[in-house]
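Only one structure is covered here, and it is reproduced in the block below.
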Amino acid sequence: MKPVEASINRALTEAFEPLHLEVLNESHQHNVPPGSESHFKVVLVSEAFVGKRQVQRHQAVYGALAEQLRGPVHALALHTYSPEEWRDANQVPGSPPCLGGGAKS
């Protein structure tokens, strides 16, 4: 695991005690140098999300990742679930292809 990915994992684990956590570096799908850690997808399941709206969940994640968002992380796709929602989820949505920053479609 690379340093930024590891720091995201650590911060989210400490803040949310997740039942399930996936941190996926999707930088390779974007117009960035090889080996970059700038674009991430996070799937996070936590009791902390019970009774919270998506915007509240995302604000809490942004707060937990404030340091990473000030620095190397350019984009963060969040998929946050309560345990009950996670049991009912069919699958996590895929990420759309990058069309910005000079990438070719």
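Annotation for A64 and A15: closest pair CB-CB, 3.8 Å, computed over non-hydrogen atoms.
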Show me the donor-acceptor pairs, under 3.5 Å and distance only, between side chains in residues 55-63 and residues at least two apart or in other chains.
from: Q56; atom 1: OE1; to: R53; atom 2: N; distance (Å): 2.8
from: R57; atom 1: NE; to: F49; atom 2: O; distance (Å): 3.4
from: R57; atom 1: NE; to: K52; atom 2: O; distance (Å): 3.0
from: R57; atom 1: NH1; to: T80; atom 2: O; distance (Å): 3.1
from: R57; atom 1: NH1; to: E85; atom 2: OE1; distance (Å): 2.7
from: R57; atom 1: NH2; to: F49; atom 2: O; distance (Å): 3.0
from: R57; atom 1: NH2; to: K52; atom 2: O; distance (Å): 3.2
from: R57; atom 1: NH2; to: E85; atom 2: OE1; distance (Å): 3.1
from: R57; atom 1: NH2; to: E85; atom 2: OE2; distance (Å): 3.2
from: H58; atom 1: NE2; to: Q54; atom 2: OE1; distance (Å): 3.3

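Interatomic distance, L69 CG to F40 CZ, rounded to the nearest 0.5 Å: 10.5 Å. The line from CG of L44 to CG of L12 is 5.5 Å long, rounded to the nearest 0.5 Å. The NZ atom of K41 sits 5.5 Å away from the CD atom of E26 when rounded to the nearest 0.5 Å.
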Derivation of the side-chain contact (heavy atoms from CB on, under 4.5 Å) call for V42 and L21: CA-CA 7 Å; V42 170; L21 175 62; 4.1 Å; yes
Verdict with reasoning, D88 to Y81, per side-chain contact (heavy atoms from CB on, under 4.5 Å): CA-CA 10 Å; D88 295 339; Y81 301 90; over 6 Å; no
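L24 forms part of no hydrophobic cluster, judged by ILVMFWY side-chain heavy-atom separations under 4.5 Å.
The shortest side-chain heavy-atom distance between V4 and V73 falls under the 4.5 Å cut-off. A 4.5 Å side-chain heavy-atom check between S82 and V50 finds at least one atom pair inside the cut-off.
With 3.5 Å as the limit, one finds a donor-acceptor pair spanning the side chains of S7 and Q68.
The stretch residues 14-25 participates, sequence neighbours left out, in no salt bridge (Lys or Arg N to Asp or Glu O under 4.0 Å) pair at all. Residue pairs that meet the salt bridge (Lys or Arg N to Asp or Glu O under 4.0 Å) test with at least one member in residues 61-74, sequence neighbours left out, do not exist here.
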